[in-house]
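Numbering starts at 1 and runs along the sequence shown.
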Amino acid sequence: VQLVESGGGLVQAGGSLRLSCAASGFTLDDYAIGWFRQAPGKEREGVSCISDNKGSIYYVDSVKGRFTISSDNAKHTVYLQMNSLKPEDTAVYYCAAAPSCEVVASRELHHIPRDYWGQGTQVTVSS
């Protein structure tokens, strides 16, 4: 299992970024794919998730209406479109292959093996 994030960067408040999570070693039908973020001094939180059968999507309340998760099975890639970005969205963003979106929502990170995480991509939103 390998996951590689890309698309992070520096953007002004109100701007947009699209993060990509490229998967290899498994198919996107095998696992839910979750996006997490961790700001300095804060716990890692589940931001969004798309289930293995694409029938379930999760967003944390703070990003609802601004972030959109999508999946392209042909490209083995999951995307996180982030619009109307705020300074409080600043964090390192990680994607992970999870047993379910319930794990992502509940922050039960111990259910996700260490090597089922990507390396992270920095998102910085300036005010």
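- In this structure, H76 has no side chain to side chain donor-acceptor pair (under 3.5 Å) partners at least two apart in sequence or on a different chain.
- When all heavy atoms of S62 and R37 are compared, the closest pair comes out as OG-NH2, 3.3 Å.
- Considering all non-hydrogen atoms of both residues, G8 and L19 come closest at N-CD2, 3.6 Å.
- For the pair E45 (side chain) and R107 (backbone), a donor-acceptor distance under 3.5 Å is absent.
- At least one donor-acceptor pair under 3.5 Å links the side chain of Y59 to the backbone N or O of I69.
- When atom types are taken as modelled, the side chain of T124 and the backbone of T90 share no donor-acceptor pair closer than 3.5 angstrom.
- Residue pairs meeting the disulfide (SG to SG under 2.5 Å) criterion with at least one partner in residues 8-37, sequence neighbours excluded, are C21-C95.
- Side-chain atoms of E108 never come within 3.5 Å of backbone atoms of V103 as a donor-acceptor pair (strictly under, hydrogens ignored).
- A cation-pi geometry, defined here as NZ or CZ lying under 6.0 Å from the six-membered ring centre and within 45° of its normal, does not hold between R44 and F36.
- Not a single donor-acceptor pair under 3.5 Å links the side chain of S84 to the backbone N or O of G14.
- Among all heavy-atom pairs drawn from E5 and W35, the shortest one is CG-CZ3, 3.9 Å.
- Among pairs with a residue in residues 10-33, those fulfilling ring pair (Phe, Tyr, Trp, His ring centres under 6.0 Å) read F26-Y31, Y31-Y116, at least two apart in sequence or across chains.
- Annotation for V78 and S71: closest pair CG2-OG, 4.1 Å, computed over non-hydrogen atoms.
- In plain terms, the two heavy atoms of T77 and S20 that are nearest each other are CG2-CB, 4.0 Å.
- Nearest heavy atoms, I33 versus A97: CD1-CA, 4.0 Å.
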